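Note that the structure is a prediction, hence the values are computed from the model and not measured. In what follows, chains are A, B, ... by sequence order, proteins preceding strands, each numbered from 1.
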Protein chains: 2
Amino acid sequence: MSTPANTRKDEIIKTAAKLFKEKGYSAVTMRDLAGTMGIKAASLYNHISSKQEILKDIIISLAETFTEGMREIKSAEISSIEKLRKIVKLHVDITSNNTSGMASLNNDWMHLEEKLEYYLTLRTDYEEEFRDILIEGINAGEIEDSNVDVMLFSMLSTLRSLYIWIPKKEDLNPEELSENLSNVLINGIV
Amino acid sequence: MSTPANTRKDEIIKTAAKLFKEKGYSAVTMRDLAGTMGIKAASLYNHISSKQEILKDIIISLAETFTEGMREIKSAEISSIEKLRKIVKLHVDITSNNTSGMASLNNDWMHLEEKLEYYLTLRTDYEEEFRDILIEGINAGEIEDSNVDVMLFSMLSTLRSLYIWIPKKEDLNPEELSENLSNVLINGIV
DNA sequence: CATTTTAACTAACACTTGTTAGTTTGATAG
DNA sequence: CTATCAAACTAACAAGTGTTAGTTAAAATG
């Protein structure tokens, strides 16, 4: 029982993430959220302490999962290209499991308040480790020696947008998607 | 004098776009906007008719500019790969001129209300014409015959995220960026 | 059975929201 | 000089905001 049972709080957070994805954090009221769950707004406060806390719970846990994944990939004894493939898989897997949460992470992180600084640290570190892998690949002759920032930006943009795209293509399984996407990102389209 | 002089309304819209980019449409109040301009909220209404109208003005004009650009590219007598390069340039140029507006277009389109349907039509049409160019390229043997949706998604995600990235790299001029980005998107990174 | 826990409720609060009405001020045009 | 106009102002409103306090009913626990 490492993962705690489905508590009421978890249901609230899950529902909130769905609403946040559709309208954004600021446009979702506690009455919206309560209404969707079939209860009154005040009842939410038996389970959560504030609207803010919901957002924090959604985003920080996801961000930490990425940090954890990157840590493992970084220390693996594989080629840089293989590391990139693992990064793609990391994004596909996390996003497949929680597209709503990923929408909040991408669009509503600026409303984090107390946890904003922490989130930004995680994000910056993640990007730098991503860049390090690219540079490592260039030095090893595996990756073309052109503009690293453009490569990094292009890959990250695509991976961060997965939350929009995955729900529209439920037929494609994560394995296949991860494979196709890696190929396009690494080898291009020609 | 095809473009009308810098009116007060234009200044309001420009300021609003900047704020919308930072916090999102819903989190920006008319008092925020007025405060940033050094006036009172009520004074805004001498120039605009509603908050809603500001968002509409920002997004729809941009969306129509993309539609216009795509129309020209589609009918050009050039290879599919050249068309893709022109699409990249279209995004880089429009985004360079208005990163704030592009943030609203990407993140706040769902708050358009009356103009939402129209916006969605423009967006869907744009994506379909983009896809048609890829298919055309596959049929002509210029582009690899793998998953079209993955290619389309990857390219569009990157192009739509330019608004985040361009402001951080003011040193890179649009020409150079467009060139680098086309290479990465088309040829990959190996 | 008695008690604690879970999860809902009603009522209300202090504050913020977009917006309207009516007014004032300084510059421009006839 | 007078009239017009652009652009600001004050004051206010009705609706909606997140949240708190206190209560109730049913289920789980001892």
Side-chain angles (χ1 to χ4, degrees), chain A residues 1 3-60 104 107-116, chain B residues 1 3-60 104 107-116:
Chain A
M1 319 297 168
T3 42
N6 236 25
T7 67
R8 197 80 174 115
K9 177 170 178 176
D10 291 337
E11 294 175 42
I12 291 173
I13 290 175
K14 203 172 155 187
T15 306
K18 246 179 239 170
L19 296 182
F20 292 169
K21 181 184 181 183
E22 284 169 28
K23 309 168 52 177
Y25 174 75
S26 304
V28 175
T29 71
M30 296 303 274
R31 285 166 182 83
D32 287 340
L33 174 54
T36 303
M37 301 206 59
I39 62 178
K40 292 295 165 72
S43 306
L44 294 169
Y45 289 83
N46 286 316
H47 311 281
I48 54 105
S49 67
S50 67
K51 188 188 179 187
Q52 189 61 206
E53 187 209 24
I54 298 176
L55 186 68
K56 184 204 72 187
D57 282 0
I58 292 171
I59 295 181
I60 298 297
S104 297
N107 302 323
D108 288 316
W109 55 268
M110 69 284 276
H111 301 116
L112 274 176
E113 302 188 359
E114 311 101 44
K115 287 284 178 180
L116 176 58
Chain B
M1 319 297 166
T3 42
N6 237 28
T7 67
R8 197 79 173 115
K9 178 170 176 174
D10 290 337
E11 295 175 41
I12 290 173
I13 290 176
K14 203 172 154 187
T15 305
K18 244 178 243 170
L19 296 181
F20 292 169
K21 180 185 181 183
E22 285 168 27
K23 308 168 51 177
Y25 174 76
S26 304
V28 175
T29 71
M30 296 304 273
R31 284 165 182 85
D32 287 340
L33 175 53
T36 304
M37 302 206 59
I39 61 179
K40 292 296 166 71
S43 306
L44 294 169
Y45 289 83
N46 286 316
H47 310 283
I48 52 104
S49 67
S50 68
K51 188 187 179 188
Q52 187 62 205
E53 186 210 24
I54 298 176
L55 186 69
K56 184 203 71 186
D57 282 1
I58 293 171
I59 294 181
I60 297 297
S104 297
N107 303 323
D108 287 317
W109 55 267
M110 69 285 276
H111 301 115
L112 274 176
E113 303 189 0
E114 310 101 46
K115 287 284 178 181
L116 175 59

Hey, can you pull the residues of residues 42-49 of chain B with a non-hydrogen atom under 4.0 angstrom from DNA chain C?
->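 Only B:A42, B:Y45 qualify.
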
Given side chains that start at C-beta, do those of B:K23 and B:D32 come closer than 4.5 Å, heavy atoms only?
-> yes

Flag the pair A:I54 / A:L33 as yes when at least one side-chain heavy-atom distance between them is below 4.5 Å, and no otherwise.
->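 Yes; the side chains approach each other to less than 4.5 Å.
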
Please figure out whether B:M30 or A:I39 has its closest DNA chain C nucleotide nearer the 5' end.
-> A:I39

D:dG18 base / A:R31 side chain donor-acceptor hit below 3.5 Å | yes

Spacing between A:K40 atom NZ and D:dG18 atom C1', to the nearest angstrom =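 Distance check: A:K40 NZ to D:dG18 C1' gives 17 Å.
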
In Å, rounded to the nearest 0.5 Å, how long is the span from [atom1] of [X] to [atom2] of [Y]?
X: A:K115; Y: A:L55; atom1: NZ; atom2: CG; result: 12.5 Å
X: A:E53; Y: A:I58; atom1: CD; atom2: CD1; result: 10.5 Å
X: A:H47; Y: A:T7; atom1: NE2; atom2: OG1; result: 9.0 Å
X: B:I48; Y: B:D57; atom1: CD1; atom2: CG; result: 9.5 Å

Using a cut-off of 4.0 Å on non-hydrogen atoms, how would the nucleic acid contact of A:R8 be classed: base, sugar-phosphate, or nothing?
-> sugar-phosphate

Chain B on DNA chain C: first and last contacting nucleotide, 5' to 3', under 4.0 Å to a heavy atom?
->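 Endpoints of the contacted stretch of DNA chain C: C:dT17 to C:dA21.
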
Flag the pair A:R8 and A:E11 as a salt bridge only when some basic side-chain nitrogen lies within less than 4.0 angstrom of an acidic carboxylate oxygen.
->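 Salt bridge flag = yes for A:E11 with A:R8.
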
Option passing side chain to side chain donor-acceptor pair (under 3.5 Å) with B:Y25 (candidates B:K51, B:Q52, B:H111) =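 The single option meeting the side chain to side chain donor-acceptor pair (under 3.5 Å) with B:Y25 is B:Q52.
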
